[in-house]
Amino acid sequence: MNNPLRSLSNIFKKKEDDFVGLDIGTSAIKAVQLKRKGGKAVLETYGSVALGPYASADVGALTNLENTTLGQAISDLLRESNVTTKTAAISIPSASSLVTVIKLPHTVSEKQFSSVVPLEARKYIPLPISEVSLDWWPMPRRETTEESALAPHEILVTAVHNEILSRYRELAKAASLRADFLEIEIFSNVRSIFGQELGSVLVIDWGASKTRAVVFKHGNVKSFHIINRGAVDLTNNLMHSMSMDFKKAEEIKHTVGLLGTGANRAVSDILRPGVDYILSEVAGVVFNYGKQYNETVNKVVLTGGGALLKGLQEHVAERLRTEVSLADPFAKTENPIFLSETLRSAGPEFSIATGLALRKLKEGV
Ligand SMILES: Nc1ncnc2c1ncn2[C@@H]1O[C@H](COP(=O)(O)OP(=O)(O)OP(=O)(O)O)[C@@H](O)[C@H]1O
Ligand SMILES: [Mg+2]
């Protein structure tokens, strides 16, 4: 693995200000180590490891590994990326959690939330409430007019099955990490992607197995949807249509993407319908958001490894008719200048891991 920060990370000696964020995806694990220095977040090192080979499969393949093997993969990644801290924050996949916005009548007072929210949340959670860890946050209200004072309270509710939490805690132990902080991945993303955005922003996390479409307003989650297709489906489409093995299809997907001309035009023509299927689902999320809130999404941010598909940014802009940018999480960290370009292009893959490390950095050990 190419790690241009390997030698730099040795310079730092003190450990208590160092934190590592770990994003455990289905195809790869990503790590970002940050250091707190003079009130700033300094990037010390980062890296990723493909999980396919741990399941005797190719790089880029989807995996469902046991904790012991995952723990091994994490240890390998930390060693190879020269991660020096044991203090970690780990993301929980949104597919293993429930994220929803519930509405309560304006007549319910804030004091009543703690008793009302768990009762109301039951309607959305298909599990006994005793088996899940429930969190909730009231969304800020704007009571500027008489009408808005009568609007229902909006409460963001998240639930994670206790077994999932135990599994992640055991995993941290298997990798000899102190990981007292677990966070659902979309919240890590928002921390590393957003500044002071006004209006409604759609984040598309284009992962290997799944694509998540989240609409944020003023940094708050307003709408969230998981699409059960991801970047690996594009590889599979190429593999089947061009009768090639997975490894070759993955390579061609990376080198050609949607920009193929001449002999490579066929590659892009095969990839496009797969991309458009996902985008049509995303368009549905945008449409429903518009209908529900009478708002328009005025910006799209692409993140996740799938966002790196050549030509995707322009294609999404054309399909969704909106301004589209690629996530740039390392814009929130202090980096060696000579790495600026490398970090900008690697950014979308590392936004969750960066967001996790930023949170630890803010809160301390
Ligand atoms: N340059 C590139 N061009 C096209 N696709 C790419 C590129 N780089 C990475 N990808 C694709 O991105 C996917 C991996 O993205 P990511 O690391 O976000 O997935 P993950 O976190 O493992 O998956 P998930 O979040 O669904 O569990 C792979 O399918 C890979 O082929
Ligand atoms: Mg992911």
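Numbering starts at 1 and runs along the sequence shown. For ligands, and for the atoms within them, numbers begin at 1 and follow the listed sequence.
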Exercise. Using only heavy-atom distances, determine whether the side chains of H315 and D276 contain a donor-acceptor pair under 3.5 Å.
Key: yes
Practice problem: Select one of side chain, backbone, both or neither to describe which atoms of R212 lie under 4.0 Å from any atom of ligand 1, heavy atoms only. | Solution: side chain
Quiz item: Charged N to carboxylate O under 4.0 angstrom, K123 versus E120?
Solution: yes
Self-check item: Protein contact of atom 18 (O) of ligand 1 - nearest heavy atom, named by residue and atom, plus distance
Solution: G305 N, 2.8 Å
Quiz item: How close does the nearest protein non-hydrogen atom get to atom 4 (C) of ligand 1, and which residue and atom is it?
Solution: L309 CA, 3.5 Å
Exercise. Hey, could you give me the CD1/CG distance between I193 and D205, rounded to the nearest 0.5 Å?
Key: 7.5 Å
Quiz item: Which protein non-hydrogen atom lies closest to atom 7 (C) of ligand 1, naming both residue and atom, and how far is it?
Solution: H254 CE1, 3.3 Å
Quiz item: Does ligand 1 have a heavy atom under 4.0 Å from the side chain of E250, from its backbone, from both, or from neither?
Solution: side chain
Quiz item: Quick one: is the NZ or CZ of K103 closer than 6.0 Å to the six-membered ring centre of Y293, and within 45° of its axis?
Solution: yes
Quiz item: How far is atom 13 (C) of ligand 1 from its nearest protein heavy atom, and which residue and atom is that?
Solution: A231 CB, 3.8 Å
Self-check item: Protein heavy atom at shortest distance from atom 19 (O) of ligand 1
Solution: A208 N, 3.1 Å
Quiz item: Hey, does V232 sit under 4.0 Å from ligand 1 if you only count heavy atoms?
Solution: yes
Exercise. Please verify whether a non-hydrogen atom of G257 lies at under 4.0 Å from ligand 1.
Key: no
Quiz item: Mind checking whether A28 has a heavy atom under 4.0 Å from ligand 1?
Solution: yes
Quiz item: So, E250 and K253, do they make that salt bridge, N to O below 4.0 Å?
Solution: yes
Quiz prompt | Shortest protein heavy-atom distance from atom 21 (O) of ligand 1, along with the residue and atom involved | solution = K30 NZ, 2.9 Å
Quiz item: If we ignore angles and hydrogens, is there a donor and acceptor under 3.5 Å between the side chains of Q33 and T45?
Solution: no
Quiz item: Could K35 and D18 be called an ion pair, given the rule that one side-chain N must be under 4.0 Å from one carboxylate O?
Solution: yes
Practice problem: Cation-pi check, R229 to Y277: give yes when NZ or CZ is under 6.0 Å from the six-membered ring centre and within 45° of the ring axis, no otherwise. | Solution: yes
